[in-house]
Amino acid sequence: MTPDNNSTPRAALLSVAQALDYIRASLKPVQGFEQRALRDGLGRVLATDISSPIDVPPHANSAMDGYALRAADLPRGGETALQLIGTALAGHPYSGNVGAGQCVRIMTGAKLPAGADTVVMQEDVRREGETIYVGSDHRQGAHVRQPGEDIASGQTVLSAGRQLTPADLGLLASLGVAEVKVMRRLRVAFFSTGDELRSLGETLEEGQIYDSNRYTLYGMLHRLGVEIIDMGVIRDRREDIAAAFRQGAAAADVLLTSGGVSVGDADYVKETLESLGKVSFWKIAMKPGKPLAFGLLGNTVFFGLPGNPVSSMATFYQIVQPALYQLMGQIGQQPLRLRVPCVTQLKKSPGRADYQRGILQYDAAGQLTVRSSGPQGSHVLSSMSRANCFIILPAESGDVEPGNLVEVQPFAGLI
Ligand code: AMP
Ligand code: MG
């Protein structure tokens, strides 16, 4: 599907949910797979389901240190005497058969010997030399882990779309899976716009500031495991912007820009974009981060983020990141949200959803609480840096008083 200017009104005011719905309906995962060694699959998205090539555990084994025997030998009452014929250790199975009236000393994890079907814990027997006395109080199959009890051969263990975690690597290793087929990495190019911006290493003249958005963008993209193409700072000139758009669109699956999308300084940026592709300019009913452009430049997906440093981060996390996950083919891993009491007052005027920056912590009584991380201006990166969560206040909400419950989204849960 192609986003176009007919289906969303120009500069429409959209809720975050509407923007996400629109994006979700517009994008398809990139094509292309790679075969990777298991470790290189960390953070990558599975291109196919993985089913287990083996039973886990692969053989019946003991869950306890004790004696392996035949349940048929267990007495109805009193005790029975069994002849000890050998030992089974983990990795060193007993190769013989356990016959009637016999038992084998067995350790946790050792393969259950042929003939045996039950393990009796060592604490529950009496041993006299090579004779083991067992009581009546045991169940057939006790303390035996059956083959395939954890995972049966052929069972799907991870589905296509799964972004592999450290636990997944271990799980696949336990199945003997040495390679994984993963989606190819998404290529994301970005640049900043603004005549006031200087790159690190340059000297600031009057009225100039350092470009910080390329650093926050780098960090957020790096965490997603995408290929990053940093195109630097582009001056506020139509020809330069147009050239950068062409270059970015040719090189990447996704092009992100920051700045120049707010009303006023951005008119010719808008014109250039509209002449090169199909771009919708939106006003998102969120704070910070009102202006956002979304569209296509050829086959390249385009997002124009606001220039204010906190606005560009908030729109990235709330809107761009879900879109990138969709393009990466990732399915089903949702960021965590919690409801906790807020211990500070939060100023909020009804109208737009607020993504305030907060600090989630336990209070002295062990209750999880959140407080504001400081001044909430969309240019104040220090309070973003101090924060460990967004405090999400719905559009209709007004001020929050201490003790009110609020919804938070931990940064650590932004997957
Ligand atoms: P704009 O969206 O271009 O109107 O920019 C809005 C505000 O964000 C202005 O104060 C810009 O100086 C600032 N800004 C824009 N881009 C960046 C950037 N890459 N790094 C830091 N601040 C920026
Ligand atoms: Mg600007």
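As the structure lists them, so they are numbered: ligands from 1, and atoms in each ligand from 1. Worth saying up front: this structure is predicted, and the values here are computed from it rather than measured.
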Exercise. For ligand 1, which part of L197 has a heavy atom less than 4.0 Å away: the side chain, the backbone, both, or neither?
Worked result: side chain
For this session: Apply the test ring pair (Phe, Tyr, Trp, His ring centres under 6.0 Å) to residues F245 and F191: give CA-CA distance (whole Å), side-chain angles for both, the deciding distance (0.1 Å), then the verdict.
Result: CA-CA 9 Å; F245 270 85; F191 61 83; 5.6 Å; yes
Validation: residues 350-359 side-chain donor-acceptor distances under 3.5 Å, sequence neighbours left out:
from : atom 1 : to   : atom 2 : distance (Å)
R352 : NH1    : M286 : O      : 2.8
D354 : OD2    : Q356 : NE2    : 2.7
Q356 : NE2    : K347 : O      : 3.0
R357 : NH1    : Y355 : O      : 2.7
R357 : NH1    : Q376 : OE1    : 3.4
R357 : NH2    : Q376 : O      : 2.8
R357 : NH2    : Q376 : OE1    : 3.4

Problem set entry | Donor + acceptor pair across side chains of S192, D211 (<3.5 Å) | yes
Seminar exercise, completed: Within 4.0 Å of some non-hydrogen atom of D211, the atoms of ligand 1 are 18 (C), 19 (N), 20 (N)
Exercise. Do R127 and Q122 have side-chain atoms, one donor and one acceptor, less than 3.5 Å apart?
Worked result: no
Problem set entry | Location of contacts on P291 toward ligand 1, heavy atoms closer than 4.0 Å | neither
For this session: Just jot down the ligand 1 atoms closer than 4.0 angstrom to any heavy atom of G260, in number order.
Result: 1 (P), 2 (O), 3 (O)
Please output the side-chain donor-acceptor pairs of residues 293-307 that fall under 3.5 Å, not counting sequence neighbours, one pair per line with the distance.
from : atom 1 : to   : atom 2 : distance (Å)
T300 : OG1    : A249 : O      : 2.8
T300 : OG1    : A252 : O      : 2.8

Seminar exercise, completed: Closest heavy-atom approach to atom 14 (N) of ligand 1 among S199, S212, G307 is made by G307
For this session: Ignoring angles and geometry beyond distance, decide whether E196 reaches within less than 3.5 Å of ligand 1 through its nitrogen or oxygen atoms.
Result: yes
For this session: Give the single entry among L305, L381, V261, N213 that approaches atom 18 (C) of ligand 1 most closely by any heavy atom.
Result: N213
